[in-house]
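Take a look at the structure set out below.
Hydrogens, waters and symmetry mates play no part in the numbers below; they use all other heavy atoms, side chains included.
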Amino acid sequence: MPLSAGEPDAATLARTAEQTAGALLAPAAPHRLADVVPAPQHVQPNPTADWVLPAEAVIVSSADPAALAVAEQLAQLLRPATGYPLPVTDATTPEPAGGIALVLDDSADLDAEGYSADLGAEGYSADLGAEGYSADLGAEGYRLDIATDGVRVTAATAAGLFHGVQTLRQLFPAAIESPSPVTERWALPGGTITDAPRFPYRGAMLDVARHFFTVEDVLRVVDHLARYKLNHLHLHLTDDQGWRIAVDSWPKLTTVGGTTEVGGGPGGHYTKADYQRIVSYAAARHITVVPEIDLPGHTNSALVAYPELAPDKIAPPPYTGTEVGFSYVDPADERTYDFVADVLGEVAALTPGPWLHIGGDEAFKVKGEVYTGFVERVQRIVADLGKTVVGWHQLAPAAHLDGRVLQWWGTNGEDPTTVAAVRRGARLIVSPGNHAYLDMKYAPDTPIGHDWAGLIDVRKAYDWDPGTHIADVPAEAVLGVEAPLWTESVTSLADIELLLLPRLPAIAELGWSTRATHDWADFRDRLAGQGPRWTTAGITFHRAPEIPWPTAPTIPTQRNMPQTDTTTP
């Protein structure tokens with residue numbers, strides 16, 4: 001007999017029965033509200049307000065296109081494992097109504113438990129209240145409310161909503177990372193999280209010059225950054241071993257200079273369309289791409305392609321080794337500055353973010369005033385393009401240019417030259433080689449990586465403070481933190497993931513979380529909970545012995561259900 005209008009079909013009845021049975025058998029959410037990486041600023045649990053995602057849930061968003069895009073991303077995260085349709089709709093005043101609401105509100109007074117949560121659109125507050133959290137949630141903060149009637153994420157910007165969604169994702173059972181439907185009770189712990197980042201710049205660097213990695217590999221790295229609220233991807237695009245970004249005005253940079261890599265492999269390069277795809281994918285996840293064109297050293301691949309840039313005007317042989325400091329473009333030839341202006345101009349035109357990284361390290365054969373003169377000219381080229389110059393801290397002796405950012409990679413916190421540059425107005429991205437360089441080995445038996453800066457286990461990656469690490473540099477001069485991954489020994493996506501995880505979340509917590517939340521024992525327990533998520537998602541990671549990984553992670557039984565379309569925008 002046909003169903004009456006509005007009568008549920010058998011599949012809907014089955015899902016409802018499954019949900020009801022699950023609620024009766026396991027009434028408590030499987031996680032604590034604070035079981036999140038990076039650690040949130042303020043957590044207020046409510047054990048009486050746990051919520052279970054119903055099969056008929058709707059995601060309701062503010063009508064702003066950027067907010068709706070985050071709602072679609074949330075649906076795409078949840079559909080594969082749940083098998084639920086999770087339609088996305090918009091409303092002037094979104095309400096959960098048993099589902100999930102994403103509310104874009106730049107004027108809401110989110111006072112909770114006696115503190116002000118101003119979600120204004122500007123700034124990152126370092127003024128922490130008596131309980132150790134900031135009152136001003138800034139441009140990336142959010143509030144997450146979980147109650148029996150649904151879930152609400154509120155923020156002033158789409159970036160804040162996106163970060164709230166990443167927290168929400170971690171509060172679901174680990175099975176939410178399954179690429180196909182599984183039987184699970186999709187319960188969340190009740191309560192409120194109010195959260196905002198400590199530093200405005202939180203990033204990682206991927207070296208695609210020593211070994212080339214495909215667009216798809218880079219997009220996978222973007223996903224890892226987004227999961228832990230990092231907001232910058234620094235791409236090291238050029239080095240002695242290969243040139244990886246197409247430049248129309250100097251085409252042989254890629255057709256000749258891009259055909260090599262460490263060990264003699266085939267190399268490769270990104271077309272402009274490839275690069276724009278990376279930039280767009282990252283931007284959709286509120287991550288800014290920072291392109292690096294390393295100058296004046298680390299340029300052998302460019303000199304192979306264009307010998308007129310070399311000091312002796314003779315093409316060197318292609319280089320596939322790992323030594324540094326032997327190559328440089330001719331700082332005395334005006335043609336060099338034409339080259340720099342053309343290359344940086346084309347890269348700037350493809351890059352909507354504010355930063356252009358000009359490298360500047362290990363130019364051992366360009367010294368003193370010749371080096372500083374070169375840097376000062378290149379800095380002006382960057383400024384004339386409307387971009388902010390970033391460079392390794394070896395740029396410090398050059399004259400200051402407004403907005404200049406130095407990326408510090410030292411291993412000794414005493415650095416008077418960098419301190420002097422800060423006093424002249426430079427800001428710092430902190431990337432200490434002995435804490436944040438993710439190409440360092442975890443232990444002597446790590447199969448890939450280096451040890452020149454020491455071994456970096458997870459605790460060493462976590463136990464330092466970017467705000468105080470460099471002596472005599474005030475905290476307000478620190479723009480943020482970045483974890484570089486150099487790839488001399490890294491040849492595959494699995495290698496990248498092995499070195500990134502589990503140390504990347506440690507660096508992410510240093511960049512996001514207030515210093516008051518910093519606690520190794522608590523972090524290692526929260527980090528351990530990420531292991532089953534990575535396993536379920538098919539992500540490679542190092543099972544660091546200092547982390548109490550679950551000994552027998554359980555993945556619920558897969559259900560035979562039609563796969564929902566989860567195409568990434």
Side-chain angles (χ1 to χ4, degrees), residues 29-40 43 50-53 57 59 61 67 69-84 86 88 96 99-102 140-146 150-155 158-182 184-193 195 197 202 220 222-231 284-287 501-502 504-505 508-509 512-513 526-539 541 553 555-556 564 566 568-569:
H31 305 294
R32 298 179 308 147
L33 195 62
D35 288 341
V36 176
V37 179
V43 179
D50 291 0
W51 174 77
V52 179
L53 177 70
I59 299 175
S61 168
V70 176
E72 289 288 354
Q73 289 168 326
L74 173 59
Q76 290 164 12
L77 288 173
L78 302 183
R79 285 171 183 152
T82 65
Y84 298 165
L86 296 170
V88 173
I100 302 173
L102 301 185
E140 294 185 280
Y142 66 91
R143 173 166 160 168
L144 171 63
D145 293 289
I146 301 171
V151 173
R152 179 184 283 102
V153 182
T154 309
L161 290 179
F162 184 84
H163 296 319
V165 161
Q166 302 315 306
T167 294
L168 182 62
R169 176 186 193 178
Q170 289 190 35
L171 292 173
F172 277 101
I176 201 67
E177 303 294 338
S178 172
S180 56
V182 295
E184 177 63 271
R185 180 177 178 270
W186 304 111
L188 297 179
T192 298
I193 291 175
D195 202 7
R202 308 174 307 281
R220 173 93 160 192
V222 170
D223 289 338
H224 296 328
L225 269 59
R227 185 188 290 260
Y228 297 106
K229 303 183 179 72
L230 295 165
N231 63 355
R285 287 145 187 82
H286 302 276
I287 292 172
L501 300 171
L504 184 70
E509 180 148 312
W512 179 276
S513 305
R526 286 182 287 110
L527 183 62
Q530 301 298 304
R533 297 176 183 276
W534 299 333
T535 299
T536 304
I539 298 169
F541 69 99
I555 301 175
T564 304
T566 58
T568 302

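- Side chain of E184 to backbone of F172: no donor-acceptor contact under 3.5 angstrom is found.
- The closest side-chain heavy-atom distance from L74 to V153 is not below 4.5 Å.
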| field | Intermediate values then yes/no, side chain to side chain contact (heavy atoms under 4.5 Å, CB included), I287 and F162 | value | CA-CA 11 Å; I287 292 172; F162 184 84; over 6 Å; no
| query | Does the side chain to side chain contact (heavy atoms under 4.5 Å, CB included) test come out yes or no for R32 and V43, once each step is laid out? | reply | CA-CA 10 Å; R32 298 179 308 147; V43 179; over 6 Å; no
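- Here Q73 contributes atom CD and I59 contributes atom CD1; the two are 11.0 Å apart, rounded to the nearest 0.5 Å.
- The closest side-chain heavy-atom distance from I176 to T82 is below 4.5 Å.
- The salt bridge (Lys or Arg N to Asp or Glu O under 4.0 Å) analysis of residues 164-174, with sequence neighbours excluded, yields the pairs R169-E177.
- When all heavy atoms of P96 and A101 are compared, the closest pair comes out as N-CB, 3.7 Å.
- Using a 4.5 Å cut-off on side-chain heavy atoms (C-beta onward), L102 and V165 make contact.
- With rounding to the nearest 0.5 angstrom, the CZ atom of F541 is 12.0 Å from the NE2 atom of H224.
- Nearest heavy atom pair, residue L527 against residue V37, reads N-CG2, 4.1 Å.
- Heavy atoms only, all atoms of each residue included: I193 and P40 are closest at CG2-CB, 3.6 Å.
- Between L168 and L188 the shortest side-chain heavy-atom distance falls below 4.5 Å.
- A distance-only check finds a donor-acceptor pair linking the side chain of D50 to the backbone of G190 [under 3.5 Å].
- Here E140 does not pair with K229 in a salt bridge; the nearest charged N to carboxylate O distance is not below 4.0 Å.
- The shortest side-chain heavy-atom distance between L225 and L504 falls under the 4.5 Å cut-off.
- Proximity of a side-chain donor or acceptor of N231 to a complementary backbone N or O of R202 within less than 3.5 Å is detected.
- For the residue pair A81 and W186, the shortest heavy atom distance occurs at O-CZ2, 3.6 Å.
- Inter-residue side-chain proximity for L501 and Q530 is flagged as unmet; no heavy-atom pair is nearer than 4.5 Å.
- Proximity of a side-chain donor or acceptor of E509 to a complementary backbone N or O of A39 within less than 3.5 Å is detected.
- Closest of all the heavy-atom pairs between G141 and P197 is N-CD, 4.4 Å.
- Counting only heavy atoms from C-beta outward, the side chains of V182 and T536 never approach each other to under 4.5 Å.
- Contact record, L33 with T192: CD2-N, 3.6 Å, taken as the closest heavy-atom pair.
- Aromatic ring pairs are classed by plane angle as parallel below 30°, tilted from 30° to 60° and perpendicular above 60°; the pair H163 and W512 is perpendicular.
- Under the 3.5 Å distance criterion, the side-chain polar atoms of R185 are left unmatched by any main-chain donor or acceptor of V52.
- Here the CZ-CZ distance, from R285 to R227, works out to 12.5 Å after rounding to the nearest 0.5 Å.
- For the pair V36/L171, a side-chain contact is recorded, criterion being any heavy-atom separation below 4.5 Å from C-beta on.
- Of the possible polar contacts, none joining the E72 side chain to the V88 backbone as a donor-acceptor pair under 3.5 Å is found.
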